[in-house]
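As structure tokens, the structure follows; a few thoughts come after it.
Only this structure's heavy atoms are used, side chains among them; waters, hydrogens and symmetry mates stay out. We name chains A, B, ... by the order of the sequence lines, and we start the count at 1 in each one.
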Protein chains: 2
Amino acid sequence: MGFRMANIQEVAKKAGVSVATVSRVLNHHPSVTPKTRVKVETAIRELNYEPSMLGRNLRNSESRLLLVLIPSISNPFYTEIINGIQTTAIKHRYNILLCETNSDPRRENIFFNMVKNKLADGIISMDPTINRQKLTELAEHHSVILCSEYMEDGSIPYVTIDNERAAYQAVKHLIILGKKKIALINSDERFLYARQRRKGYEKALREFEIPISEELIYNTHELNFHDGVQAMRMLLRMEEKPSAVFAVSDTLAIGALKEIKASGLKAPDDIAVVGFDNIHFSNMSNPTLTTIAQPMYKMGATAATMLINQIQSKQVESILLDHELIIRESTMG
Amino acid sequence: MGFRMANIQEVAKKAGVSVATVSRVLNHHPSVTPKTRVKVETAIRELNYEPSMLGRNLRNSESRLLLVLIPSISNPFYTEIINGIQTTAIKHRYNILLCETNSDPRRENIFFNMVKNKLADGIISMDPTINRQKLTELAEHHSVILCSEYMEDGSIPYVTIDNERAAYQAVKHLIILGKKKIALINSDERFLYARQRRKGYEKALREFEIPISEELIYNTHELNFHDGVQAMRMLLRMEEKPSAVFAVSDTLAIGALKEIKASGLKAPDDIAVVGFDNIHFSNMSNPTLTTIAQPMYKMGATAATMLINQIQSKQVESILLDHELIIRESTMG
DNA sequence: CTCCTTCATGTAACGCATTACATAGCATAA
DNA sequence: TTATGCTATGTAATGCGTTACATGAAGGAG
């Protein structure tokens, strides 16, 4: 594999011009004679030359590459967001690289370094487990945008939804359907969104004067289907079973549905279920899942736009996007 | 954002040594006095210096970054493979970057260039729509491994399963259950795996002297849930409905299941369904899905090992891994 | 005391493209 | 014809780390 591509000097030599002229041809400078241009272009073709991104970045401090940090690609929640990022980036002649951190700090570091070293022009982070301090440090001198998950101090621009209000609406929907004993399957409350959604849950209960019971709140370790099954299993062990469940993610909710069915109960009549995220599969489950839809594509697109603006030294402001409650069979069979 | 990290010369100056010495300290060269080492390390700490990957790559032709090309991250099939790649790569001190091509040739090009330009050390491609010619060209002088999808001419090393045999077993399973009218929901037969799975399907039918009917073969455009629904809908319009379906992907199969249920039929009694891939959700569908499990993690891990070996100029051979038929409710309720 | 070895450290070239500045050449006007 | 301006092109510095080779000093052997 010890192969060297032709470089700019070889092209210059072959074309009988200087490297500067070759560079000018490459960059479509106006001040090149058509005759010279042809000579250079011929040499480029003959040598099969392609300019090195490495040399170019070194000189320009620009790679036109954006990094997108996700904790795990197995979470379908990110799919549409990435779509939005990708499409927007392409439109502005940027490319994106997906970086799966698996919440491993060493890996984070490498990606941060890529930005520091001009291997990438900026980062969109969707990783809630990221090292806040390091990211904040990075953001002092480089372009960083937070997407979906964010930091409350607000020093890094973010785009997200109003988690508290979304959770509030989801739970209110259950209450209006006549459900009183509403369980919450929440994820790890280290995460901001988890704390906010819990707040919304409690707010709805309080508003309708339903007592908040710690027994009805189950915190999972991760967001997998299996965690949902597990959580529901625990909730069904209660003497007086819940009549509704709000799960902070669709994967959890689908797991809960599965367990409800396994225990011989029926959704929504015995237990109604609301999820969160409106992932593709929420429409394929049986029953189909009532859920909160985040404007994921738009969120991604917005994040990308913000990042590109920031790279171009424009002022950017954090944005809250609207969500939507999508009512399906799991609450209104 | 116009910020410059300290570079090696500044560290050298501060420590009162030459850049060479700093570089030696950085690379743990033995020939540095403990005293000098301390001086340099202090300067590094004080300046908050981190070596530039850019300069280093430029010089070393090594980035310790691997590219993983996937057509679309929305396909859960890739999740476990990527896991395997990632874990193996990390073990060898490599990092991976996920590149979603969306089958856009322009984007492919950028990623190919990253390799040509030493921004990455090699590529694992899982994209069946990739430009074969360009990839073959790239592989002449750079490290490339194909994973899951491959090219028959064999000039690029690959790791995959025996698709024909897997399909054969899936269909044989249906036949043994007493099903005679077995439909095939295949994807676009431009793809090698699709042609191979069809071959296996036909082989099983022939072996049991069941006539092959073009009517029972439906080709989808993509692999989405919705394509599966659509395909099943068409198949259910037939006068004599199929009594079993083999779908070449779980997402298609789950779509088919959904449509079967929607039309008032029951799986597996009326129509048995077998999928392919054993994605996470195949265990959550209702009924759970009989499917072919590919050793995805192992496939990824193998691909990564092969790539790293190739980067280190070792000889690598293509590998066929074993698959497994996982029997669940959709064929044996 | 001199010569040679050994080891720590320094010097400078290299990899690649960009671009400010310099220069050559030509054309136009006086 | 000479001076002046303009344009096409070239020269060389720059960004950053690595490493072959050079150099210097110190220590040992004679």
Nearest whole angstrom, please: distance from the C1' of D:dG10 to the NZ of A:Lys13. 17 Å
Taking the side chain as everything from C-beta on, heavy atoms only, tell me whether A:Thr305 gets closer than 4.5 Å to A:Asn309. yes
Compare the minimum distances between each of D:dG17, D:dT19, C:dA17 and the side chain of A:Ser52, then state the nucleotide with the smallest one. C:dA17
Can you measure B:Asn113 atom CG to C:dA17 atom C1' for me and round it to whole angstrom units? 14 Å
Can you tell me how far P of C:dC16 sits from CE of A:Met53, to the nearest Å? 15 Å
Quick one: side chain to side chain donor-acceptor pair (under 3.5 Å) partners of B:Gln133, sequence neighbours excluded? B:Glu137
Select base, sugar-phosphate, or nothing to describe what B:Ser23 touches, counting heavy atoms under 4.0 Å on all strands. base
Atom-pair distance (CD1 on B:Ile8; P on C:dG15), nearest Å: 19 Å
In whole angstroms, how far is the P atom of C:dT18 from the CG atom of A:Asn57? 10 Å
Return the 5'-most residue of the pair A:Gln9, A:Ala20 with respect to DNA chain C, ranking by each residue's nearest nucleotide. A:Gln9
Give the table of side-chain donor-acceptor pairs shorter than 3.5 Å for residues 19-42 of chain B, with sequence neighbours excluded, one pair per line with atom names and distance.
from    : atom 1 : to      : atom 2 : distance (Å)
B:Thr21 : OG1    : B:Ser18 : OG     : 3.4
B:Ser23 : OG     : B:Asn27 : ND2    : 3.3
B:Asn27 : ND2    : B:Ser23 : O      : 2.8
B:Arg37 : NH2    : B:His29 : O      : 3.0
B:Thr42 : OG1    : B:Val38 : O      : 2.6

Starting at atom NZ of B:Lys116, determine the distance to atom P of C:dC16, rounded to an integer number of angstrom. 15 Å
Where do N or O atoms of nucleotides 23-25 of chain C meet protein N or O atoms at under 3.5 Å, pair by pair?
none

Would one find a side-chain N or O of A:Asn27 under 4.0 angstrom from OP1 or OP2 of C:dT18? yes
So which protein nitrogen or oxygen atoms get under 3.5 Å of nucleotides 5-9 of chain C's nitrogens or oxygens?
from  : atom 1 : to      : atom 2 : distance (Å)
C:dA8 : O3'    : B:Thr33 : OG1    : 2.9
C:dT9 : OP1    : B:Thr33 : OG1    : 3.3
C:dT9 : OP1    : B:Thr36 : OG1    : 2.2
C:dT9 : OP2    : B:Thr33 : N      : 3.0
C:dT9 : OP2    : B:Thr33 : OG1    : 3.3
C:dT9 : OP2    : B:Thr36 : OG1    : 3.3

Is the distance from OP1 or OP2 of C:dA17 to the nearest side-chain N or O of A:Tyr49 less than 4.0 Å? yes
B:Leu58 has a side chain; which of C:dG15, D:dG15, D:dA12 sits nearest to it? C:dG15
Any residue meeting side chain to side chain donor-acceptor pair (under 3.5 Å) with A:Thr101, in chain and number order, not counting sequence neighbours: A:Asp127
Sequence neighbours excluded, which residues qualify as ring-ring contact (aromatic ring centres under 6.0 Å, His included) partners of A:Tyr158? A:Tyr150
Please report, rounded to the nearest Å, how far the C1' atom of C:dG15 is from the CD atom of A:Glu50. 18 Å
Candidates D:dT18, C:dA17, D:dC16 - which lies nearest the side chain of B:Arg56: D:dT18
Using whole Å, what does the distance between atom P of nucleotide D:dG15 and atom NZ of A:Lys118 come to? 10 Å
Identify whether the distance between the nearest side-chain nitrogen and carboxylate oxygen of A:Glu108 and A:Lys134 falls below 4.0 Å. no
Could you note down all residue pairs passing salt bridge (Lys or Arg N to Asp or Glu O under 4.0 Å) where residues 299-311 of chain B supplies at least one of them, sequence neighbours left out? none
Checking A:Asn95 now: which residues fulfil side chain to side chain donor-acceptor pair (under 3.5 Å) with it, not counting sequence neighbours? none
According to the salt bridge (Lys or Arg N to Asp or Glu O under 4.0 Å) rule, which pairs have a member within residues 60-80 of chain B, sequence neighbours left out? B:Glu62-B:Arg64
Does a side-chain N-to-carboxylate-O contact under 4.0 Å join B:Glu46 and B:Lys14? yes
